[in-house]
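One structure below.
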Amino acid sequence: MNQIKKIYSILYKTFGPQGWWPMTPKNQLHPKHNGVKPKNDRQRFEIIIGAILTQNTSWKNVEKAIFNLNKSKLIEIDKIKKINLKKLASLIKPSGYYNQKAEKLKIAAEFFSKNKSPERQELLAVKGIGPETADSILLYAFQKPFFVIDAYTKRIFSRIGICKPDIKYEELQDKFQENLNKNIRVFNEYHALIVELGKQFCTKTPKCSNCPIKNYCKKF
DNA sequence: TACCAGGTCCTCG
DNA sequence: CGAGGACATGGT
């Protein structure tokens, strides 16, 4: 087993299934990590909204914003297209960067009302959707095999010794995609597990003593 | 109090 | 291209 697969198996045994992408169950207002797959435009759009709102922001803050949107029954492409920009900004305030993000949600709503199954390249051309957001949308909303790279992924795998800290997004993504089977469930779970390891152990100043993958880290 | 969090865009050299 | 700054709230 290659190192990337081995680390996946350890993380999975350590943390278990993460239930991504968190979504709001029917007739509720708060998103939950229940591992439900999106099955309609409404649910895909909630994931798209979450992927934009969580840019450089903790998920806890995004949950508050999504709660506000749910309360106002706004998680629909047409509603986001029509709502007043300032009103939208005030509702998503807890997620931070709310002026920029309100604009991004508007642009995304316009885009997804015309593109029901977008290519990666098309997503990247949308203002407000960079590589991580594009891949999150492709993987979690559309169930396509794109591995999501984020700040934790670079931090963890450069510390381990698998890449340099300044490796390019697509280069690290290729490394994962080459070393894993093209399995949506694994791509889904692995990224979520990386986030969990990053939060609990591989923090800015790492807590190495009890790290579940310390034996695979170059530091040891 | 300062720093950090599931990034991206814009500007400038 | 790549570096540097702006964007902003809530938790520790």
Side-chain angles (χ1 to χ4, degrees), chain A residues 8 11 15 17-24 30-35 38 46-69 85-111 118 120-142 146-159 164-173 176 186-207:
Chain A
Y8 173 74
L11 293 181
F15 298 123
Q18 299 297 298
W20 279 38
W21 187 281
M23 269 201 304
T24 308
H30 296 278
K32 292 185 65 178
H33 289 75
N34 50 18
E46 179 174 340
I47 293 173
I48 290 159
I49 288 174
I52 289 170
L53 294 185
T54 200
Q55 291 170 357
N56 203 39
T57 301
S58 70
W59 181 253
K60 278 291 166 203
N61 284 8
V62 176
E63 282 183 331
K64 298 176 203 297
I66 290 182
F67 170 78
N68 290 342
L69 294 175
L85 182 62
K86 293 288 184 189
K87 174 70 178 165
L88 177 59
S90 80
L91 287 168
I92 64 170
K93 203 162 202 167
S95 71
Y97 307 132
Y98 52 87
N99 290 312
Q100 286 190 348
K101 284 175 179 175
E103 185 62 41
K104 290 178 181 181
L105 293 185
K106 283 281 194 183
I107 294 170
E110 292 294 337
F111 176 80
R120 186 174 197 269
Q121 230 176 337
E122 300 176 304
L123 288 174
L124 291 177
V126 177
K127 175 155 59 159
I129 301 184
E132 182 183 342
T133 308
D135 290 330
S136 295
I137 290 170
L138 289 166
L139 178 62
Y140 292 104
F142 293 97
F146 291 86
F147 200 89
V148 178
I149 304 297
D150 66 349
Y152 289 127
T153 317
K154 281 190 190 172
R155 182 199 287 166
I156 291 168
F157 287 84
S158 61
R159 281 177 177 165
K164 295 187 206 159
D166 58 345
I167 188 172
K168 293 225 198 340
Y169 185 99
E170 275 81 8
E171 197 185 337
L172 185 52
Q173 180 181 47
F176 278 91
V186 171
F187 281 26
N188 174 327
E189 206 62 72
Y190 204 166
H191 172 63
L193 290 165
I194 285 169
V195 171
E196 198 55 28
L197 182 74
K199 284 177 176 169
Q200 291 193 31
F201 296 97
C202 213
T203 45
K204 196 98 181 189
T205 55
K207 305 170 166 67

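Source: prediction; values computed, not measured. A, B, ... follow the sequence lines: proteins, then strands. Residue 1 opens every chain.
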What's the closest nucleotide to the side chain of Asn56(A) if the choices are dT8(B), dG6(B), dG7(B)?
dG7(B)

Given Phe176(A), which partner from the list Phe187(A), Tyr169(A), Phe147(A), Phe146(A) fulfils the ring-ring contact (aromatic ring centres under 6.0 Å, His included) test?
Phe147(A)

Please report the distance, rounded to the nearest Å, between CE in Met23(A) and P in dG6(B).
20 Å

From CD1 (Ile129(A)) to CD1 (Ile107(A)), nearest 0.5 Å
9.0 Å

Does any N or O in the side chain of Arg155(A) come within less than 3.5 Å of the main-chain N or O of Cys202(A), such that one atom is a donor and the other an acceptor?
yes

Tell me which residues in residues 95-102 of chain A put a heavy atom below 4.0 Å from DNA chain C, sorted by number, or none.
Gly96(A), Tyr97(A), Tyr98(A), Asn99(A), Gln100(A)

Nearest 0.5 angstrom please: Lys106(A) NZ to Lys127(A) NZ, how far?
14.5 Å

Below 3.5 Å between N/O atoms, which protein atoms pair up with nucleotides 10-12 of chain C? Just atom names and distances, please.
residue: dG10(C); atom: O4'; partner: Asn61(A); partner atom: OD1; Å: 3.1
residue: dG10(C); atom: O4'; partner: Asn61(A); partner atom: ND2; Å: 3.0

What's the spacing between Phe15(A) CZ and Ile194(A) CD1 if we round to 0.5 Å?
11.0 Å

In whole angstrom, give the distance that lies between atom CD1 of Ile156(A) and atom P of dG6(B).
11 Å

Considering all heavy atoms of both residues, which atom of His191(A) and which atom of Thr153(A) are nearest to each other, and what is their separation?
ND1-OG1, 4.4 Å

Taking the same atom, P, in dG6(B) and in dG5(C), what whole-Å distance lies between them?
24 Å

Find the distance Ile52(A):CD1 to dT8(B):P and express it as a whole number of Å.
10 Å

Rounded to whole angstroms, how far apart are CG on Asp135(A) and C1' on dG6(B)?
13 Å

So, is Arg155(A) near the phosphate of dG6(B), with a side-chain N or O under 4.0 Å from OP1 or OP2?
no

In whole Å, I'd like the distance from the CD atom of Glu170(A) to the P atom of dC1(C).
13 Å

Whole-Å gap separating P (dG6(B)) and CD1 (Ile66(A))
14 Å

Atom pair distance, as rounded to whole Å: CD1 in Ile92(A) and P in dC7(C)
16 Å

Selection: residues 123-130 of chain A, any non-hydrogen atom under 4.0 Å of DNA chain B:
Val126(A), Lys127(A), Gly128(A), Ile129(A), Gly130(A)

Those residues at least two apart in sequence (or on a different chain) that pass salt bridge (Lys or Arg N to Asp or Glu O under 4.0 Å) with Glu189(A) are none

Check the geometry between Trp59(A) and dG6(B) and answer yes if their rings are stacked (centres below 5.5 Å, planes below 30°), otherwise no.
yes

Would you measure the distance from the P atom in dC3(B) across to the matching atom in dA6(C) and give it in whole Å?
15 Å

Remember a base hit wins even if backbone is also touched, and classify Ala65(A) as base, sugar-phosphate or nothing at under 4.0 Å, heavy atoms.
nothing

Just by distance, do the side chain of Tyr140(A) and the backbone of Asn188(A) share a donor-acceptor pair under 3.5 Å?
yes

Pairs under 3.5 angstrom only: tabulate donor-acceptor contacts from the side chains of residues 52-61 of chain A to other protein residues two or more places apart or in another chain.
residue: Thr54(A); atom: OG1; partner: Thr57(A); partner atom: O; Å: 3.1
residue: Gln55(A); atom: OE1; partner: Lys104(A); partner atom: NZ; Å: 2.7
residue: Gln55(A); atom: NE2; partner: Gly128(A); partner atom: O; Å: 2.9
residue: Gln55(A); atom: NE2; partner: Thr133(A); partner atom: OG1; Å: 2.9
residue: Asn56(A); atom: ND2; partner: Tyr97(A); partner atom: OH; Å: 2.9
residue: Thr57(A); atom: OG1; partner: Gln55(A); partner atom: O; Å: 2.9
residue: Thr57(A); atom: OG1; partner: Ser95(A); partner atom: O; Å: 3.2
residue: Thr57(A); atom: OG1; partner: Lys101(A); partner atom: NZ; Å: 2.9
residue: Trp59(A); atom: NE1; partner: Glu63(A); partner atom: OE2; Å: 3.3
residue: Lys60(A); atom: NZ; partner: Glu63(A); partner atom: OE1; Å: 3.3
residue: Asn61(A); atom: ND2; partner: Pro94(A); partner atom: O; Å: 3.4

Whole-Å distance, Lys164(A) NZ to dG2(C) P, equals 12 Å

So does Thr133(A) get a side-chain nitrogen or oxygen closer than 4.0 Å to the phosphate oxygens (OP1/OP2) of dT8(B)?
yes

At under 4.0 Å between heavy atoms, what does Lys168(A) touch on the DNA or RNA strands: base, sugar-phosphate, or nothing?
sugar-phosphate

Has Glu196(A) got a side-chain atom pairing as donor or acceptor with Gln18(A)'s backbone, closer than 3.5 angstrom?
no

Identify, residue by residue, the members of residues 186-202 of chain A with a heavy atom below 4.0 Å from DNA chain B, and return them in order of residue number, or none.
Val195(A), Lys199(A)

